[in-house]
Amino acid sequence: MAEQPVDERAAPVRVPPVFIYRYEPPRPRVVVKRDLLPAFAVLSTVSLFGLPAGWLWAWLAPPQNVVIAQDASLVPVIGESYHRLDGLMLFVLIGLGAGLLTGVAVWLLRERRGPVVLLAATAGGAVAAYLAQRTGIGSAAGKYPPPDSPEVGDVLTVAPVLEVWWGLLAWPLGAALAYGCLAAWNGLDDLGRRLG
């Protein structure tokens with residue numbers, strides 16, 4: 001096969017230079033001063049929800065049946081001592097559910113997303129859990145008043161109580177968990193705030 005003659009007039013193919021444009025938007029900064037008043041509103045509003053949560057616990061928590069012993073001590077009827085744990089777990093479940101709802105509701109405040117409002121929701125959850133505990137114990141005590149003149153051998157119905165403090169952690173942990181999961185799922189640097 002014969003070689004074809006090379007045309008000297010044909011210009012070589014030139015590849016244009018490639019320009020790589022890298023745009024890096026400025027990293028959003030944490031807004032603190034502008035979020036303080038909304039954060040206080042979130043803390044106050046979340047705290048107030050502890051009152052109906054405590055009333056709900058007092059309505060749902062099972063009482064404990066006890067017998068008055070010779071030394072005036074209260075001895076639980078067989079199987080009734082488990083109601084102490086039932087009351088605590090019910091309080092934890094109410095707090096955890098309320099915390100998850102709190103985290104989702106605060107996340108929906110799109111213009112105020114960020115760590116300031118997260119801390120306010122968590123602190124509000126802690127205050128709400130404390131108010132729920134105090135309100136629940138008081139409401140339950142009013143629901144099961146002690147008899148006027150108990151005698152030895154009488155069976156009494158005692159109001160449910162919360163004997164440990166760690167049940168208070170469910171509400172703030174639920175709020176922080178829900179808010180943190182939504183922030184991680186969002187994936188945007190500004191969390192979708194769209195504020196200038």
Side-chain angles (χ1 to χ4, degrees), residues 28-64 81-146 158-186 188-195:
R29 297 174 48 106
V30 175
V31 180
V32 176
K33 190 173 183 180
R34 196 171 13 173
D35 285 349
L36 284 179
L37 187 61
F40 181 73
V42 165
L43 189 145
S44 302
T45 305
V46 171
S47 298
L48 287 178
F49 282 107
L51 300 175
W55 180 82
L56 178 67
W57 176 82
W59 186 60
L60 293 175
Q64 182 179 2
S81 63
Y82 291 120
H83 289 320
R84 291 170 36 206
L85 180 65
D86 295 340
L88 175 64
M89 289 301 111
L90 187 62
F91 185 78
V92 168
L93 286 175
I94 290 172
L96 190 62
L100 292 173
L101 287 176
T102 299
V104 171
V106 171
W107 176 257
L108 294 176
L109 300 173
R110 183 175 181 142
E111 294 84 20
R112 298 297 171 210
R113 289 179 183 168
V116 177
V117 174
L118 168 64
L119 290 175
T122 306
V127 174
Y130 177 77
L131 289 175
Q133 183 183 32
R134 293 288 136 213
T135 304
I137 291 173
S139 298
K143 189 176 177 184
Y144 303 101
V158 180
V161 294
L162 295 169
E163 299 171 349
V164 294
W165 62 270
W166 56 265
L168 299 174
L169 297 176
W171 196 318
L173 286 178
L177 176 70
Y179 198 91
C181 287
L182 289 169
W185 184 36
N186 180 273
L188 298 173
D189 285 342
D190 65 347
L191 299 178
R193 279 177 67 117
R194 304 288 187 249
L195 289 178

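Fair warning: this is a prediction, and the values are worked out from it, not measured in the lab. We count residues from 1, following the sequence as given.
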>> Any heavy-atom pair between the side chains of N186 and L182 that's under 4.5 Å?
In response: no
>> Taking the side chain as everything from C-beta on, heavy atoms only, tell me whether K143 gets closer than 4.5 Å to W59.
In response: yes
> Can you tell me how far CG of L56 sits from CG of L90, rounded to the nearest 0.5 angstrom?
Replying inline: 7.5 Å
>> Measuring from atom CG of L162 to atom CG of L88, what distance do you get when rounded to the nearest 0.5 angstrom?
In response: 6.5 Å
> Under the 3.5 angstrom rule, does the side chain of R113 hit a backbone N or O of W107 as a donor-acceptor pair?
Replying inline: yes
> Under a 4.5 Å cut-off applied to non-hydrogen side-chain atoms, are L100 and V104 in contact?
Replying inline: no
> Where do F91 and A129 come nearest, in terms of heavy atoms and distance?
Replying inline: CZ-O, 3.6 Å
>> I need the single residue from D35, L118, V106, T122 that forms a side chain to side chain contact (heavy atoms under 4.5 Å, CB included) with V42. Which is it?
In response: V106
>> Restricting to non-hydrogen atoms, name the atom on V46 and the atom on G124 that form the minimum distance, rounded to 0.1 Å.
In response: CG1-C, 3.5 Å
>> Restricting to non-hydrogen atoms, name the atom on P63 and the atom on H83 that form the minimum distance, rounded to 0.1 Å.
In response: O-CD2, 3.2 Å
>> Please report the interatomic distance CD(Q64) to CZ(R84), rounded to the nearest 0.5 Å.
In response: 6.5 Å
> Do the non-hydrogen side-chain atoms of T135 and W57 ever get within less than 4.5 Å of each other?
Replying inline: no
> How long is the span from the CG atom in L96 to the CE atom in M89, to the nearest 0.5 Å?
Replying inline: 11.0 Å
> What heavy-atom pair brings G136 and A58 nearest, and what distance separates the two atoms?
Replying inline: O-CB, 3.5 Å
Report all side-chain donor-acceptor pairs from residues 164-180 shorter than 3.5 Å, counting only partners two or more places apart or in another chain.
unit_1 : atom_1 : unit_2 : atom_2 : d
W171   : NE1    : T102   : OG1    : 3.3
Y179   : OH     : G114   : N      : 3.0

> Minimum heavy-atom separation for P160 to P62, with atom names?
Replying inline: CB-O, 3.6 Å
> Got a sec: does the CZ of F40 have more than 12 other heavy atoms crowding it under 6.0 Å?
Replying inline: no
